[in-house]
Structures are given as C-alpha cells and as structure tokens.
> 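Right, I'll just put the structure down here and ask away after.
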Amino acid sequence: MNQNIISLKDIVVEFDGERVLDNISLSIQDKEFVTLLGPSGCGKTTTLRLIAGFIDPLSGEILFDSKKINGVPPHKRSVNTIFQRYALFPHYNVYDNIAFGLRVKKVPEKEIKQRVSDMLRLVNLQGFEKRHIAKLSGGQQQRVAIARAVINRPKVLLLDEPLAALDLKLRKDMQNELKNIQKQLGITFIFVTHDQEEALSMSDTVVVMNEGKIQQIGTPIDIYNEPQNAFVADFIGESNILDGVMLKDYLVRLDGMDFPCLDSGFGENEPVDVVIRPEDVDIVPPEKGTLQGEVTSVTFKGVHFEIIVDIQNFKWMIQTTDEHQVGETVGLVIEPDAIHIMKKSEYSGLYGDYSSYSDELDTLNVIEEEDE
Amino acid sequence: MKHSSLGTKILNAPYILWSVLFIIVPLVIVVYFAFTDQNGAWTLANIAEIKDYGEILLRSIGYAVVATLITLVTSYPVAYFMSKAKARTQAIMMMLIMLPMWMNLLIRTYSWTTILEKNGIINTLLGYLGIGPLPLIGTSGAVILGMIYNYIPYMILPIYTIMVKIDPALLEAASDLGSNGFDRLKRVIFPLSLPGVVSGITMVFVPSVSTFYIADKLGSTKTLMIGDMIQKKFDINLYSNTGAALSFVLMLIILISLAVMHKFAGEDGEAIIV
C-alpha cells in the first residue's frame, strides 16, 4: 500500500486555449481507491482521460510504475476504463462484449470462456451470456461494463461517473459492490464523481478539484472535518462559513463574541474563514445560548430537521432532531471542537450563509404567489 | 395502436391518392400488358418469349454486380474519412458529391462520351504521348464506369450517414480494451456500418441493373442491357407486350434482390431502403 502506481507531475491541459487542468500534481498508490471529486467542469474527467491516454497534456509528466507514459496510445496502457454511459458494443451480446479485450489479445477461446464465466460470477450475471445489450437494464449494463474492463486484469481501473445514470437505490447497492470488487481484485480504482456522499463512503483517498486545480487531497474524514478552504467546506456536506478573526491560538472572534477553539498556528488577529457544520450546533433555550436568533425556516428531512436561524442577519443552518417553530427565538451553543478554522483563500466570501437556501426560496415564492 | 382521427385521414388522402395513381395503377398496367396480346386477350406467350433474352438479362445482372462491388470498395474509405473529417470539410465533401446529382443523368452520361470517344479528351491526350487511340467507348468497361459514376453518391451517402452516428465512445472503449486502428475498423466500425453498406448496395444495384441510356451511349450493341431493350420494345408499339413482360421479370429480379438484402440487414431491419 505504499508504492506509487501513477504519478502526475505539473500537468497542464488546454482545450482551444482554455486551461482545463492547471498544474496538477498527484500520486496514486497501488491498490488504493482514489476518488476525483468536484463540480462539472472542474477537470476530473479530463484527469481520468489523461491517465487512460485519450488526451495528451500540454506539459507535465504522467508516470505509470515509474515509467513515463506521455504519448503512449490507450491500447498500449495497462489501464481499463468504465465509461460514463458504459459504451457497450451494441452489435455484440454480453459474452462477446466481455470477451472483447481478450480476443484482441488473441487469448485462446478456451481460456476466454473460463475467464468470462469467472467475470459473470463476479458481477452476478450468470446465465446472461447470450443476452443482447439493448435488452439489459441500466444496472445490468453497468455490470457488463465492469466485467468487460476487469477481465483484462488491469493494474488500474478508471471509472468515469459510472453510477450517475442509476437510480438512488441501485446506486447505493452498486457502491457496495464496486467496493467489494476492488477489495477482491486488489487493484487500484480511480473513480470520478460529483457526488460527495459517494466519494466519502467509498474512497481511501479523496481528491477535491475545482476550476482545473486540486483543492485538497485527503482521507474522507480529513476532507470533511478539516477542509482546507471555503470551496471544500461548501462542496463537501453542509456548512456555515463565517468571517472570523483569530485573536490568538485557541481563541477566535465571531459575530463580536469570542469562542475557544482547537486550532492554532495562525497569526495574531489574522482574518480567517470559520466552518461550523450544521450537526455540530446545539439548540438551547435563548437565555442559555451564547448566540440568540430567530428561526426563519424549518424543513423536515426524515432523520432530522433542517432549521435556518437568523443571527444578526447571518442565516445559520442547523440540523437537529427536536422540532422548532418558525418565529421562535432560540439560543445556540458551539463547543470548541465544532469550530474549524481555515486560512483566507480565493474562495472566501463566495459561500456565505443560507439566505439563498433553496427550500426557503421556494417558501418565499409560494407566499408571493398567494399574495397576488 | 392509435386510432387515426378524421383529420389524419384527410391529411393522408392526397398521399394515398398519389400512390394509387402513380405507383399502383402503372404497375397493374404493366402486369396487364405482360399477360395479354395486342388484342387484349390473355396469353403466356410474352412470358415464354423471355427465354430469348436470357443473355441480356444475365449481362445486366453481371454488369450491375461488378459496378456495385467497385462502387462499394471505393465508397467505403471515402465515407469513412468523410465521417472523421471536420464539420466544414464534411459539408464541402457532401456538396461535391451531391453536385453532379443535380444535373440530369442523360447530360452526365453524354459528357462521358466526349471524354471516352475515339477523338475524345483521353485519346487526344494519349495521342500527344504517342499512344492510342485506345478503344475506350463501346466497351463493357465504359458501361460499368458510367454506372459507377452515376450511382456512387447512393453508396457513399448511406454509409457516411451510418458512420457519423457511431458513438465515438465505442471507439474509445475499443482502444481502451487494446484495439489498434485496424482492429477498431474490423471489430467495431465495420460491423456497425453494415446497415449503411446494405442500403448502399441496394441503392446502387437496383438502378444499375435496370439502367437504360448508359449502355446505349457508352456501350455497343454487344453491351446492351435489359433497360435499353425494354425501351426499344416500347418504342415500337407492336412490341409493347414483350416490353411489359421484360419489365415484369426485371421487377421480380429487383424484388428478389431487395428481399436478399433485407435478410442481410439483420432482424432489426436497420438498413434504410429507399
């Protein structure tokens, strides 16, 4: 688990003069499950296609097993890809699709037969050999795509948003299944998604990308608990991002009040971004809270309520299992370990409070319509 | 099945009327002529006469097969490169292919006589080099060339239309699975372009086998085709019934070849048979 299988060094990719990847450097270890996570257009799919060999970087190096593979065409790389829309061959049946890679390599038919049947067992599609591709459901096509790729025993499997086309229930099942397949095969998975939950639940390492740059690399827990900047904090999960001033180590000033925290190493009186996750705030009676505000919106989410509280015109999102009423005044308590301090970045101030929160907007629209 | 409303029926009416008037009725007339004599009495004599035209029928089929094969072999690469070209290049190529089609077939064919004839362009140029004059016109080669020239767009266009629709992701998947350029052509592009090939073959073979004027202008009496023979029969009123019988046989040949091609097109019947 400590040998680099793929390294990207200072990769720059441009399409028609537009910079799509801006100095990307990334090391991926053998047998690791790595997820490239980011909004559409962040460069995650481009990074994947770069590793597959479909595009060449303008500058920078791609190393595979410590050998430079810039310019090596896709059919000579020992990686295989699962494409976003599967790209199964419509003129072949399930068996012939899975056998494709081995036939190209002129593997004897007898061995192909054995390996295809092993693959069908791996993806739970025994008995589907003769089935036509068009007659498969989305989930079954997905499995064929997996089998078609891993039968070639690649060292690295690239997955380009493979679950995006599936419905929620099936997606959850496939997440588990993919994770199991990765463990069984013991190979590296590089997985691309824009779904942060998927990234957190499946990966060993998450690479958060935006605007062609890597924002943060870390374990799912690190990424969630210690986001490096406002973009990461906003993209991964829900978060209240406030302007603060780090008075000294372990003490931050927010909304004119001083809060003890666990962060240190910032300059004295340095302006910082402060992240407080909605589930880390406790709601108490107004007189017992350090902050007081008015509930402006309550949304029932099943497991919890999502409550928007207005404190000095900053709308906080708070998740609680207790029900509260709109218009009610509540107090908030924030424990030191609920506070995470980040250095100011280019993303500071872009992701503020929840005043444009969609549920609330919907409510406002309804009220306006009723007034008319 | 949706029930068609009165409105749809009214909208369909002109089309149905047109079909009956200009497709069904003429076919019925041809069949009627084929099985009657000059006095309108029922007879099989016209059909029996066909055996005298066996050679010309076989020749027509032979020429059409050769022309279709050459057209296919030359069109396939053109369609392939066209489908891979930039949008602008594709548009220009498309226009160049369509341009001759806007001119009348007779004029197009006639211009070939000035190129191929004894004192034509090619023989004049060869004359400067001290070669020839070569017998170009009046040969079966000239007739087949005429067919290829006239019908090649009908081969290129259906193949091109199918090829541009092949999902580029499939080609990426093939290279990802280890296919080089030739292998991708063999395993992905060619099988997926088959419906276009089938349409192209049909659209070139059918007009080739039934063509007239091309053999008349570019060939000799030895290269006469069934289409020319039918035309000659109808020119003289006395032989209309024989002409109708020949037309009837030609229609059968075309129907059989359509059925064969349809079988090749696969169960989905994906081929566009126009």
> Is it true that atom OH of A/Y95 has more than 12 heavy atoms of other residues, nucleotides or ligands lying nearer than 6.0 Å?
yes

> So for A/R148, is it side chain, backbone, both, or neither that comes closer than 4.5 Å to the heavy atoms of chain B?
both

> Would you please say whether a donor-acceptor pair under 3.5 Å links the side chains of A/R143 and A/N124?
no

> Look at A/D204 together with A/K31 and state whether they make a salt bridge at an N to O cut-off of under 4.0 Å.
no

> Are the charged groups of A/R85 and B/D167 less than 4.0 angstrom apart, N to O?
no

> Is chain B contacted by the side chain of A/F83, its backbone, both, or neither, given a heavy-atom distance below 4.5 Å?
side chain

> Go through the atoms of A/L88 and report whether side chain, backbone, both or neither lie under 4.5 Å from a heavy atom of chain B.
backbone

> Given heavy-atom pairs under 4.5 angstrom as the criterion, report whether the side chain, backbone, both or neither of B/D183 touches chain A.
side chain

> Using 0.5 Å steps for rounding, measure from the CD1 atom of A/I51 to the OG atom of A/S7.
10.0 Å

> At a 4.5 Å cut-off on heavy atoms, which part of A/N152 comes close to chain B: side chain, backbone, both, or neither?
side chain

> Is A/Y92 close to chain B through its backbone or its side chain, or both, or neither, when contacts mean heavy atoms under 4.5 Å?
side chain

